[in-house]
Amino acid sequence: MTNQELIKIAKEAMAHAYVPYSKFKVGAALLTRDGKVFTGCNVENASFGATNCAERTAIFKAISEGERDFVKLAVVSHTDAFTYPCGICRQVIAELLPEATLIFSHKDETQELTLNDILPYQFDSNLLND
Ligand code: THU
């Protein structure tokens with residue numbers, strides 16, 4: 001699947017965003033190695049801390065369906081700017097899809113980054129087993 005195809009799916013997922021508080025719509029699409037796509041949008045809550053970002057919605061959907069091997073994550077928002085994952089999502093990506101290509105898009109521009117680009121010196125969950 002091309003980056004553009006994955007971005008298009010992320011944009012479609014963004015339409016489902018539940019954002020009565022921020023009005024900030026985000027969509028994500030996560031591609032597994034065997035070609036499945038899991039989508040996500042942000043889901044807000046009046047108790048703001050209960051809000052789930054689009055990235056984590058997609059990742060948790062995939063993990064809960066038994067997926068473990070991911071190759072690409074596309075993230076878009078309705079704004080005219082690249083939208084990068086929040087700190088919590090970066091840490092979740094570090095644990096569950098550290099090797100995936102992270103794809104960001106706005107207007108006609110696309111950017112490919114790695115986890116190390118957006119979260120250098122990340123906390124390594126393997127330390128817990130030492
Ligand atoms: N949000 C995401 O869904 N993903 C991001 O990468 C950044 C922030 C959401 C959380 C909240 O619903 C809204 O955007 C404003 O922070």
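Order of appearance sets the numbers: ligands from 1, and atoms from 1 within every ligand. This structure is a prediction, so every number in the text was calculated from the model and none was measured. In this chain, residues are counted from 1 in sequence order.
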Original post:
At their closest point, which heavy atom of P85 faces which heavy atom of E55, and how far apart are they?
Top reply: CA-OE2, 3.3 Å

Original post:
Does L128 sit in a hydrophobic cluster with other residues, and if so which ones, taking ILVMFWY side chains as linked at heavy-atom separations under 4.5 Å, directly or through other members?
Top reply: F123, L127

**OP:** Taking K36 for its side chain and E67 for its backbone only, find out whether a donor-acceptor pair lies under 3.5 Å.
**Re:** no

**OP:** Is it possible for you to say whether I9 and F70 belong to one hydrophobic cluster, with membership spreading through side-chain heavy-atom contacts below 4.5 Å?
**Re:** no

**OP:** May I have all residue pairs that pass side-chain hydrogen bond (donor to acceptor under 3.5 Å, both in side chains) and include part of residues 7-18, sequence neighbours excluded?
**Re:** K8-E12

Original post:
Which parts of the protein, at residue level, reach under 4.0 Å of ligand 1 through a heavy atom?
Top reply: S22, F24, V26, N42, E44, T51, C53, A54, E55, Y84, P85, C86

Subject >> Under the salt bridge (Lys or Arg N to Asp or Glu O under 4.0 Å) test, residues paired with R33 that sit two or more places apart >> reply: D69

